[in-house]
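Here's the structure we're looking at; comments come further down.
Letters A, B, ... mirror the listed sequences (proteins, then strands); counts begin at 1.
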Amino acid sequence: MKKMLALLLALTMAFALVACGGNNSSNTGNNSGNNTANDQTGDDSTAAGGEVYYLNFKPEQDAQWQELAQLYTEETGVPVTVVTAASGEYETNLMSEMGKSNPPTLFQVNGPVGLANWKDYCYDLSDSAVYGELTSDEYALKDGDAVLGIAYVIESYGIIVNKTLLAEAGYGVEDIQSFEDLKKVAEDITARKDELGFAAFTSAGMDGSSDWRFKTHLANLPIYFEYQDKGISSTDAIEGTYLDNYKAIWDLYINNSTCSPTELAGKTGDDSKNEFLNGEAVFFQNGSWEYANLVGEGKYTDEDLAMIPIYIGAGDEANQGLCTGTENYWCVNNSASEENIQATLDFLYWCVTSETGTQAMGGGEGAMPSGEPGMSFVIPFKGAIESPNLFVKQDAEMLAAGKTPVSWNFTTMPSEEWKNGVGSALTAYAAGTGDWDGVVTAFVDGWASEYALANG
Amino acid sequence: MQRSLKRWWPVFLLPTFAAFCVGFIYPFIQGLYLSFCKFITIDNPTWNGLANYIYAFTDASFRQSFLFSAAFTIVSTLAINVAAFAIALALTRAIKGTNLFRTVFFMPNLIGGIVLGYIWQILLNCVLSLLEKPLLSLDATYGFWGLIILMCWQQIGYMMIIYIAGLQSIPSDYLEAAKIDGATSWQTLWRIKIPNVMPSITICTFLTLTNGFKLFDQNLALTAGEPAHASEGLALNIYYTFYARSGPQWKGYGQAKAVLFCLLVIAISLIQLRATRSKEVQQ
């Protein structure tokens, strides 16, 4: 009996020890799963004089970054770790990683508002080689004279059109040159919905996976036109001069959609994408990052699709281009050691200048040395290759035709909280449980109060 | 045996105690310190005095989420315990398939809160849309009852197992004596069974009470606090305070709220433990 009890206690203790150890090893397991490069060269990392730890924001490009990291390590012997945060969890991950003894040497912020959190951690890149590779200074994120962030990808969004369906309805992309045109076409499609068998717009889902398309991206347009009128690039109080136009386009989206406006509160991003892929709707508001999801085996070809500007009936519509900009800025951690900072800068320079790097970042099908597709990014660096992305090409064509791209002013939105407030109000308005005044209040008053809270 | 225990207790106790210090006491003290600071990462805070607590106490959304959490906790604690106890009573009778039923009722507890939240969101939204009512994220009342349904579904099985164990440990001579004395089944329930399962009731109310206040995953997945924070519990409010705005002061505010939240949960559970413990009887 005594022996049994002693054995039992010993087992309990062993279990407790194993349980603790188990936890630890699963943590490192996580890291090494993402990071084979570090393990291979872990021993001579100090000899090589520094290492790179990149906390990546874009989950859809994780595989490419992992491969690129490994290639760089093989080429130079400098260990590169890439860890990717789950969608929507970047800020949380960054906060905890930055607190560790081995913090990321390379991380991302989404623009001026994101920089507010992290500017004390950003290394001044103004003397770096990678900054010299930027094609234009507007892609640098500055605080006074210091260059704290460098954009590494330029993206465009607008209304993606299924040209085949549009032709079935008797229209072409060239018929849509203004908000009035868009409204006419959309309402005509809705009127003949049963006969045609498809709707004008995919569902404007307000689930968290989709609401950013409207509370952030669509809301950019009234903000942009107001900024243009006033000649400013950010503000502490928005007036909402173009909110009537915002209402007009939102009404158009929700009343000419695949589903009733009352159901939008529960519709997801995947719902919307699948409706578009299944040919249930002609128009789909989204961006160039959706390209790989829409074109390919069993999906559409380049001939089927086009992206048109989001017209809201404001400004010079004849010369309006796509909404083009960035919310992905690289920042180098200034609290990292000298060697690690240098290693990181070298890595970035390699990414945007070497053949492997530019191919991987800009190329499409088969651009990675392993034969996998590249990231299809448009990178604002001198060594950039031409992107195979249709929407990106269209953006370039529109620019060449003298159209003015709509800049991404949503990076100046005062806080996430502001976006959530607008999103809530839009959802309630669509479902009829709230009115448009609620949206106006969230937009205008919310801006002032959130700006004060965030900068107070 | 006693002697060797006396000699060897540190070997058994210290590893766990060390883990407790590293995993709980140290972070708790650090968290307490951080609640008086502004910070982005936890290793370079700047002192902010009582400003964080002043904000936490004056923040209307924090008060509102407290009311939501309190209402949720009261309703869910009652609903879960009553239902779990009723099912436990039913499943301790000699009926066919009790083991199967016990397993079935217990199973929802094995699914994580986030997953359950999304599944129930789809289910409830389907029902609401068929009834042509506003969906979950549009009406806080539906959000509230949706959460209650979800938590009941998830937790009743777990509490049921605890009650079953309690009911089975009642000595059968008590029940027999009551029967011989002519007690009705209602009297047996109130006079014999309930007083004897008081330890189980203590544990179950403790668990449901603290779970109700600490509710996070399910809240985030089912309603995310929509519409406009009206279905937001305390834990979710703290999360949004932390992450919905940029700037070091917000981490401090969130941390102060988290400390208050922790103290609140500890206080409420201590009161509850004292109250139900006093009702326990010695067998």
Scored by heavy-atom pairs under 4.5 Å with chain B, the best of Lys119(A), Lys419(A), Met95(A) is Met95(A)
Test applied, ring pair (Phe, Tyr, Trp, His ring centres under 6.0 Å); reference residue, Phe443(A); option that passes from Tyr429(A), Trp436(A), Trp418(A): Trp418(A)
Could you tell me whether the side chain of Glu275(A) and the main chain of Ser203(A) form a donor-acceptor pair under 3.5 Å? yes
Would you call the rings of Phe28(B) and Phe24(B) parallel, tilted or perpendicular, taking 30° and 60° as the class edges? parallel
Phe261(B), CZ atom: more than 12 neighbouring heavy atoms under 6.0 Å: yes
Can you tell which part of Ala224(B) gets under 4.5 Å to a heavy atom of chain A, answering side chain, backbone, both or neither? neither
Students often mix this up, so state it plainly: with edges at 30° and 60°, are the rings of Phe72(B) and Phe144(B) parallel, tilted or perpendicular? perpendicular
Heavy-atom cut-off 4.5 Å, strictly under: side chain, backbone, both or neither for Gln121(B) against chain A? side chain
Region of Thr92(A) in contact with chain B, defined by heavy-atom distances below 4.5 Å: both
Pair Trp250(B) + Tyr55(B): ring centers closer than 6.0 Å: yes
Flag yes if more than 12 heavy atoms outside Phe106(B) fall under 6.0 Å of its CZ atom; otherwise flag no. yes
Bottom line for Tyr253(B): the part with an atom under 4.5 Å from chain A's heavy atoms is neither
Ranking Leu135(B), Ile40(B), Leu13(B) by heavy-atom pairs under 4.5 Å to chain A gives rank one to Ile40(B)
When Glu450(A), Glu263(A), Glu417(A) are compared by non-hydrogen pairs under 4.5 Å with chain B, the top option: Glu417(A)
Heavy-atom contact with chain A under 4.5 Å, split by part of Trp8(B): neither
I need the residue from Gly114(A), Ser260(A), Ala265(A) with the largest number of non-hydrogen atom pairs under 4.5 Å to chain B. Ala265(A)
Does any heavy atom of chain B fall under 4.5 Å from the side chain of Thr262(A), the backbone, both, or neither of them? backbone
